[in-house]
Structures are given as structure tokens and as C-alpha cells.
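Heads up: the structure comes next, in C-alpha cells.
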Amino acid sequence: MQEVSKTKLAIYLIASTLLITFVFYGYQICYTPNILVDKDDRQVIITSGTTFRKLQEDLGKGGFVNDMVSFSFLARLKGYDRKISPGRFVLRRNMTNLQALEVLTTARQEPVRVTFTNARKYTELSEKITRNVGVHPEEFDEALDRFIANNPEGFTRETIMAMFIPNTYEVYFNIVPDELVARLYEEYKKFWNESRIAKAKALGLTPIEVSTLASIVQAENHREDEAPRIAGLYINRLKKNMPLQADPTLVFAVGDFSIKRVLDKHKEVDSPYNTYKNAGLPPGPINMPGIPMIDAVLNYEQHDYIYMCSKEDFSGYHNFAKTLSEHNRNAAAYQRALTIEQRKARQAK
């Protein structure tokens with residue numbers, strides 16, 4: 001009997017020890033800091049299709065996880081190894097395994113910023129827009145083509161640049177291509193509120209046409225405070241059914257954006273974007289106009305100017321004129337100043 005009691009006691013002690021050890025290890029696995037121990041907060045990007053083995057490698061090489069065995073054990077216990085969500089997640093200093101997996105399994109993502117401020121053609125946009133998200137540029141282009149084929153605004157390849165309102169937007173890393181395009185379209189609709197639409201109608205222009213004119217104003221403008229005056233000049237020409245004669249449209253038509261000075265040969269190019277040959281607006285924007293340029297058109301300065309040329313002081317501003325004779329005098333003054341500057345430059349060499 002005494003031997004049986006000793007055996008029971010030994011079994012009890014062993015079982016108790018194992019239980020205590022298991023509970024202690026379980027507590028350590030769940031509640032002991034194991035993520036970025038004594039390090040700064042960092043983001044981890046998980047792309048679509050990432051396997052658990054690949055994630056283990058990335059977290060290990062990146063120095064995110066201190067004890068990979070305990071992290072992997074709990075991850076498998078929670079089923080995370082079979083259901084990995086793509087996204088951009090922020091792991092905090094001294095997180096526990098449980099806290100980290102809560103972030104990863106509940107897809108508590110940190111938003112990423114999508115920023116775009118300039119582009120001449122929409123084909124230049126895809127890389128800028130997809131830079132911080134899990135969408136490839138080619139996927140974005142394909143989604144944009146699908147949108148163009150079915151959109152309610154009548155956007156075409158020539159006018160689609162008008163849909164992109166330059167700004168910074170927050171989205172999630174794992175947003176899909178069609179959702180990203182839809183989000184940017186929603187921002188377009190928010191931008192074109194009742195007030196802006198009413199101003200466009202008062203001009204006799206659609207929002208797309210306003211953006212088209214704004215793109216020309218942007219290309220001509222070197223001083224933002226002068227934009228409403230330039231817009232007013234082009235609106236005067238539209239009202240008179242005069243060709244806009246905007247040099248930047250010729251550069252766009254030729255497709256050579258290195259052109260610094262438009263020549264007579266450029267004015268002969270056969271293109272609907274040649275505003276020397278064709279009256280009215282070109283088929284679509286020649287760049288992605290910024291918000292200040294769109295608002296400059298909607299709030300244009302009312303005057304009688306129909307001509308402009310660069311000022312002879314090379315300040316970036318323009319001399320404006322109501323008559324051709326006045327414009328010719330301004331142009332002659334600029335040419336004289338330019339000739340003097342070129343002569344000085346040659347002498348300096």
C-alpha cells in the first residue's frame with residue numbers, strides 16, 4: 001500500500017509539474033513580448049498569395065519576431081497559417097504573439113497613401129497610383145479600361161485624365177484594382193459638388209471640358225496667381241469662336257515634351273490637339289490639372305484680353321493685350337530682351 005501511495009504521489013507531482021510548465025509556457029507564448037522587442041514600431045507588407053513559410057522567413061529576416069517557435073505555434077493554433085490576409089500592417093514595439101496575431105488575423109490594416117500630382121497622359125499614372133498598394137500597374141490599367149467601357153460620365157481614353165483629381169487619398173494595401181478605380185471615381189464625384197457644377201454650367205462647359213481648359217491653363221501658367229487671368233483669356237477666345245492658339249497643345253500633339261519653343265512647323269501638325277488649326281477645346285486634357293487650375297477656370301477673371309506673351313523681365317508672368325497691335329508690341333519687347341540674354345550667355349562662354 002505504501003508503494004502504491006508513493007507511485008500516486010510521484011504521478012501527481014509529475015503531472016503537476018507538467019501542468020505548471022504547460023501553463024507557464026502557454027502564458028509566455030500568449031503574453032510575453034515577442035514582437036519587435038525593444039525596437040521601434042514597423043510596418044510589414046503581406047502580398048497576395050504569401051505562404052505561412054514565406055511569412056515566417058520575412059518576419060525572421062526582418063527582425064520582427066524574437067522567438068519564431070512560439071509565434072508559429074500560436075499562429076497554427078489559431079489557424080492563421082491557413083488564412084493569411086494580404087495588407088499593410090503595423091506591428092508595435094514589445095507586442096505579444098497574441099496581440100500581433102490579433103492585428104494580422106482581424107485584418108486591422110494601417111491605411112496607405114495614394115498620391116499623384118502630375119502626369120501628361122493617363123498611361124503615366126498607373127505606377128504613381130499603385131506605388132504603395134498591392135495592385136500592379138498593369139492590373140490598374142486593365143481596370144481603368146473596364147471602367148472606361150462602362151462608366152456613366154462618358155469618359156474616353158482622351159478624357160479620362162479629367163477623372164483624376166490630384167491629391168492624397170488613403171486606401172488599404174489589399175484593395176483590388178476595380179475598387180481602386182471606383183474609389184478615385186468617387187473622389188471625382190465628391191470634388192464636382194453642386195457649386196462647381198453650377199459654375200461650369202454658367203460657362204457652358206461640362207466638368208470634363210473645364211478640366212481640359214484647366215490643363216491648358218496649367219501648362220501655360222508659371223505663377224499660380226495669374227491662372228484666373230489666363231483662364232479668362234481663353235474663355236474670351238472660346239466665346240468669340242477664336243482658335244485658342246495655345247502652344248502647349250502643339251507640344252502634346254507632337255508628343256515631344258522636350259520642346260522648349262514652339263516653331264511655325266509645329267503649328268502645321270495635323271492633330272485635333274492643334275489649337276492653331278482647330279477652334280474650340282482639344283479632345284481632352286493635355287495633362288492632369290491640379291485643383292487650383294480647375295478652380296481658376298471656374299472662377300476666372302473677367303476682362304477683355306485675348307492675347308498674351310511672356311514678360312520681358314523673365315519673371316514667369318505674362319503681358320496681356322486686347323488688340324493684336326498691342327500684343328505685337330509686347331512680343332517685340334520680349335524678343336529684344338531674349339536676344340540680349342542670349343548674347344550675354346554666348347559672351348559668358
Side-chain angles (χ1 to χ4, degrees), residues 7-116 126-140 168-180 182-183:
T7 301
K8 287 183 177 180
L9 178 61
I11 293 173
Y12 174 77
L13 290 174
I14 292 171
S16 298
T17 301
L18 289 174
L19 179 61
I20 292 170
T21 301
F22 179 77
V23 170
F24 179 72
Y25 183 63
Y27 179 86
Q28 281 190 313
I29 289 175
C30 294
Y31 300 110
T32 300
N34 190 42
I35 308 299
L36 297 173
V37 177
D38 297 330
K39 297 177 182 178
D40 294 331
D41 298 352
R42 285 172 57 193
Q43 73 172 21
V44 56
I45 295 176
I46 303 176
T47 57
S48 180
T50 295
T51 64
F52 186 58
R53 180 179 293 277
K54 178 66 166 62
L55 179 61
Q56 287 174 305
E57 292 176 0
D58 292 343
L59 294 177
K61 291 178 181 177
F64 286 90
V65 178
N66 196 39
D67 176 17
M68 186 58 70
V69 174
S70 66
F71 173 82
S72 300
F73 176 80
L74 189 60
R76 289 192 171 93
L77 194 65
K78 292 175 69 67
Y80 176 69
D81 60 318
R82 298 185 300 275
K83 190 178 179 181
I84 298 174
S85 300
R88 173 185 177 272
F89 307 90
V90 173
L91 299 181
R92 309 292 182 187
R93 171 188 174 95
N94 291 330
M95 262 187 167
T96 65
N97 289 327
L98 198 61
Q99 291 171 327
L101 286 167
E102 183 181 357
V103 170
L104 298 174
T105 56
T106 57
R108 279 167 40 191
Q109 296 187 59
E110 293 287 325
V112 298
R113 290 186 172 186
V114 172
T115 301
F116 49 92
S126 54
E127 288 192 7
K128 295 181 179 181
I129 291 176
T130 61
R131 186 172 295 136
N132 292 329
V133 296
V135 176
H136 293 293
E138 296 79 8
E139 293 176 322
F140 181 81
T168 296
Y169 305 102
E170 287 191 341
V171 299
Y172 289 113
F173 178 86
N174 62 345
I175 191 170
V176 298
D178 291 286
E179 288 178 357
L180 181 55
R183 168 63 190 282

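What you are looking at is a predicted structure, and each value in this text was computed from that prediction instead of being measured.
Residues S70 and I29 approach most closely at O-CG2, 3.8 Å, considering heavy atoms. Of all heavy-atom pairs spanning T96 and I35, the tightest one is O-CG1, 3.8 Å. Of all heavy-atom pairs between T47 and P86, the closest is C-CB, 3.8 Å. Of all heavy-atom pairs between F173 and V133, the closest is CE1-C, 3.6 Å.
With sequence neighbours left out, the side chain to side chain contact (heavy atoms under 4.5 Å, CB included) criterion links S72 to F52, Q56, M68, R76. E138 is linked by a side chain to side chain contact (heavy atoms under 4.5 Å, CB included) to H136, counting only residues two or more places apart in sequence or in another chain. Partners of V37 according to the side chain to side chain contact (heavy atoms under 4.5 Å, CB included) rule, which considers only residues two or more places apart in sequence or in another chain, are N66, N94. Judged as a side chain to side chain donor-acceptor pair (under 3.5 Å), and not counting sequence neighbours, the contacts of D58 are K54. With sequence neighbours left out, the salt bridge (Lys or Arg N to Asp or Glu O under 4.0 Å) criterion links D38 to R93. In this structure, the side chain to side chain contact (heavy atoms under 4.5 Å, CB included) partners of R42, at least two apart in sequence or on a different chain, are L36, F64.
The main-chain N or O of Y172 is never found under 3.5 Å from a side-chain atom of R88 such that the two would form a donor-acceptor pair. At distances below 3.5 Å, not a single donor-acceptor pair connects side-chain atoms of T115 with backbone N or O atoms of T168. Proximity of a side-chain donor or acceptor of R183 to a complementary backbone N or O of E170 within less than 3.5 Å is detected.
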Discussion item. Between D67 and T32, does the side chain to side chain contact (heavy atoms under 4.5 Å, CB included) criterion hold? Intermediate values first, please.
Written reply: CA-CA 10 Å; D67 176 17; T32 300; over 6 Å; no

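Residue K78 places its NZ atom among 12 or fewer non-hydrogen atoms of other residues, nucleotides or ligands, all under 6.0 Å distant. Open room surrounds CD on E127; 12 or fewer heavy atoms of other groups in view lie less than 6.0 Å from it.
By the 4.5 Å heavy-atom criterion applied to side chains, N34 and V65 are counted as neighbours. Taking the side chain as every heavy atom from C-beta outward, V135 and V176 never approach each other to under 4.5 Å.
Atom CG of L98 sits about 6.0 Å away from atom CG of L74, to the nearest 0.5 Å. With rounding to the nearest 0.5 Å, the separation of CZ in F71 from CE in M95 is 11.0 Å. Rounding to the nearest 0.5 Å gives a distance of 10.5 Å between CG of D81 and OG1 of T51. Note that the CD1 atom of I175 and the CG atom of L180 stand 5.0 Å from one another [nearest 0.5 Å]. We find the CZ-OG distance between F116 and S126 to be 12.0 Å, quoted to the nearest 0.5 Å. For the atom pair CD of Q99 and CG of L101, the computed distance is 10.5 Å after rounding to the nearest 0.5 Å.
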